[in-house]
Amino acid sequence: MNTNTEDRNQHCFACGPKNPIGLKLTFREENDTYVARFTPGPEHQSYDGVMHGGLVSTLLDEIMGGYLYSKGLYAVTAKLEVRFRAPTPIGRELKIQGRIVGQKRTMYEMAGEISLPDGTVTAEGKAILAIV
Ligand SMILES: CCCCCCCC(=O)SCCNC(=O)CCNC(=O)[C@H](O)C(C)(C)COP(=O)(O)OP(=O)(O)OC[C@H]1O[C@@H](n2cnc3c(N)ncnc32)[C@H](O)[C@@H]1OP(=O)(O)O
């Protein structure tokens with residue numbers, strides 16, 4: 001683990017600006033929801049034209065964990081559940097959203113969602129994050 005606080009998380013696969021093969025997500029908060037947008041390319045696919053399910057899970061993991069991190073809470077994912085409702089297509093802008101659902105002591109229950117410009121939800125996430 002990198003102990004240099006200046007450099008910490010700069011190589012995160014999902015959001016690190018210094019990761020040359022990362023997704024380089026950026027975020028904003030809207031009405032108690034964390035939001036990012038990402039357009040997957042051919043390098044992110046599994047079957048032809050469909051985003052890889054592991055990367056769909058990465059987007060959901062990041063939006064939920066990143067939201068807590070943005071609030072100054074350093075959390076790790078203790079549990080992640082993904083429901084793949086529809087194929088997530090390559091080449092269309094995805095809206096990724098995450099929010100806090102509940103909290104018990106150091107455990108946060110989070111929810112996430114990925115949707116297409118027409119509002120179709122392609123994946124939903126539920127996660128338990130542990131503050132460390
Ligand atoms: C910019 C940053 C954005 C980051 C977004 C991405 C985040 C990530 O992907 S982080 C990487 C993936 N995650 C990890 O590597 C985490 C690895 N796991 C761990 O570090 C530990 O297992 C950790 C911290 C989650 C829990 O460890 P520890 O505190 O020792 O707890 P543990 O002894 O397992 O459990 C204690 C209690 O916590 C609760 N708990 C632990 N895990 C869970 C869980 N998954 N669900 C519900 N409750 C849980 C339970 O009450 C448990 O008691 P019991 O075992 O009796 O049910």
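Indexing begins at 1, ligand by ligand and atom by atom, following the structure's order. Note that the numbering runs from 1 along the sequence shown for the chain.
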### Task
Would you check ligand 1 and list the protein residues that come within less than 4.0 Å of it by any heavy atom, ordered by chain and number?
D61, E62, G65, G66, Y69, V76, T77, A78, K79, M107, I128, A130, V132

## Note on the structure
Connected to I128, directly or through other members, by ILVMFWY side-chain contacts below 4.5 Å are M107

### side chain to side chain contact (heavy atoms under 4.5 Å, CB included) partners for V121, two or more places apart
R85, E113, S115, E124

### Query
Who are the side-chain hydrogen bond (donor to acceptor under 3.5 Å, both in side chains) partners of T77, not counting sequence neighbours?
D61

#### Entry: Donor-acceptor contact present, side-chain Q45 to main-chain P42, <3.5 Å
yes

### Task
Report yes if some heavy atom in the side chain of E29 is under 4.5 Å from a heavy atom in the side chain of S70; otherwise report no.
no

### Message
Could you tell me if T120 and D118 have a donor-acceptor pair between their side chains, going purely by distance under 3.5 Å?
### Response
yes

